[in-house]
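Not measured: the values here are computed from a predicted model.
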Amino acid sequence: MDKEEYGILLKDWRWKERRSEILQRDDYTCQRCYADRSDDVLLNVHHKYYIEGRMPWDYPDDALVTLCEECHKKEHQENEIEIY
């Protein structure tokens with residue numbers, strides 16, 4: 001799946017719902033730097049790993065984590081995300 005196809009999936013209502021669940025679980029706080037929505041940061045839900053063919057919303061809670069945009073970029077720069 002290429003980035004364009006993945007981007008379309010991230011607009012799907014199922015991902016929006018799943019994303020909301022993880023943001024709520026993490027109290028709308030980056031789990032790396034602890035910035036929260038009151039700090040006027042964009043929050044992302046990061047996949048710790050990917051499984052080929054799996055939809056973005058079909059991951060267990062422990063595979064997803066809230067990160068601010070800056071920490072999300074760092075995570076992708078510093079760590080290779082495993083694909084199974």
Side-chain angles (χ1 to χ4, degrees):
M1 177 180 320
D2 65 25
K3 282 187 176 188
E4 185 177 333
E5 291 172 320
Y6 191 72
I8 291 169
L9 292 175
L10 295 182
K11 293 178 181 169
D12 186 283
W13 68 269
R14 291 166 289 190
W15 172 247
K16 290 179 182 182
E17 187 174 282
R18 187 72 175 114
R19 178 182 182 275
S20 179
E21 291 170 0
I22 299 304
L23 290 170
Q24 287 176 344
R25 178 201 69 192
D26 292 341
D27 199 28
Y28 296 90
T29 302
C30 176
Q31 299 302 293
R32 187 171 177 175
C33 74
Y34 304 106
D36 64 25
R37 59 184 173 178
S38 69
D39 296 315
D40 198 32
V41 296
L42 178 62
L43 295 172
N44 293 257
V45 173
H46 170 69
H47 287 78
K48 295 178 183 179
Y49 59 84
Y50 295 105
I51 297 174
E52 265 188 64
R54 187 169 287 192
M55 295 293 113
W57 50 86
D58 285 333
Y59 284 82
D61 286 355
D62 65 344
L64 303 168
V65 63
T66 301
L67 298 175
C68 69
E69 187 169 24
E70 185 176 326
C71 288
H72 193 212
K73 287 178 186 176
K74 286 180 187 175
E75 184 67 27
H76 280 275
Q77 290 168 350
E78 295 171 1
N79 300 298
E80 184 176 338
I81 309 303
E82 295 289 331
I83 301 173
Y84 300 101

Can you sort out the partners of Glu82 under side chain to side chain donor-acceptor pair (under 3.5 Å), two or more places apart, ordered by chain and number?
none
My understanding is that only one of His72, Glu80, Glu78 makes a side-chain hydrogen bond (donor to acceptor under 3.5 Å, both in side chains) with His76; could you say which?
His72
Once the angle between the rings of Trp15 and His47 is folded into 0 to 90°, is it parallel (under 30°), tilted (30 to 60°) or perpendicular (over 60°)?
parallel
Are Leu42 and Leu10 grouped together when hydrophobic residues (ILVMFWY) are joined by side-chain heavy atoms under 4.5 angstrom apart?
no
Do you reckon Ile81 sits in the same ILVMFWY cluster as Ile83, going by side-chain contacts under 4.5 Å, direct or chained?
yes
Run Asn44 and Arg19 through side chain to side chain contact (heavy atoms under 4.5 Å, CB included) and show every step you take.
CA-CA 8 Å; Asn44 293 257; Arg19 178 182 182 275; 5.8 Å; no
Should Val45 and Trp13 be counted in the same cluster of Ile, Leu, Val, Met, Phe, Trp and Tyr side chains packed under 4.5 Å apart?
no
Mind checking who shares a hydrophobic cluster with Tyr34, ILVMFWY linked at side-chain heavy-atom distances under 4.5 Å?
none
What residue pairs, at least two apart or across chains, pass salt bridge (Lys or Arg N to Asp or Glu O under 4.0 Å) with a residue in residues 36-54?
none
Write out all pairs satisfying salt bridge (Lys or Arg N to Asp or Glu O under 4.0 Å) with one or both partners inside residues 59-70, taking only residues at least two apart or from two chains.
Arg18-Asp61, Glu70-Lys74
Is Val65 isolated, or which residues cluster with it under the ILVMFWY side-chain rule of less than 4.5 Å, directly or via members?
Leu67
Residues passing the side chain to side chain contact (heavy atoms under 4.5 Å, CB included) test with Asn79, sequence neighbours excluded, are Glu75
Side chain to side chain donor-acceptor pair (under 3.5 Å) involving Asp26 - partner list, sequence neighbours excluded
Thr66
Taken to the nearest 0.5 Å, the spacing of Glu17 CD from Asp12 CG works out to 10.0 Å
Across all chains, not counting sequence neighbours, the side chain to side chain donor-acceptor pair (under 3.5 Å) partners of Asp27 are none
Rounded distance (nearest 0.5 Å) linking atom OH of Tyr49 with atom OH of Tyr84
8.0 Å
Would you say the side-chain atoms of Glu5 pair up with the backbone N or O of Asp2, donor to acceptor, closer than 3.5 Å?
yes
In terms of heavy-atom contacts, Tyr59 and Ile51 come closest through OH-N, 2.8 Å
Value for SG (Cys68) from CD (Gln31), rounded to nearest 0.5 Å, stands at 11.0 Å
Not counting sequence neighbours, which residues clear salt bridge (Lys or Arg N to Asp or Glu O under 4.0 Å) with Glu4? List them please.
none
Residues passing the side chain to side chain contact (heavy atoms under 4.5 Å, CB included) test with Leu9, sequence neighbours excluded, are Met1, Met55, Pro56, Trp57
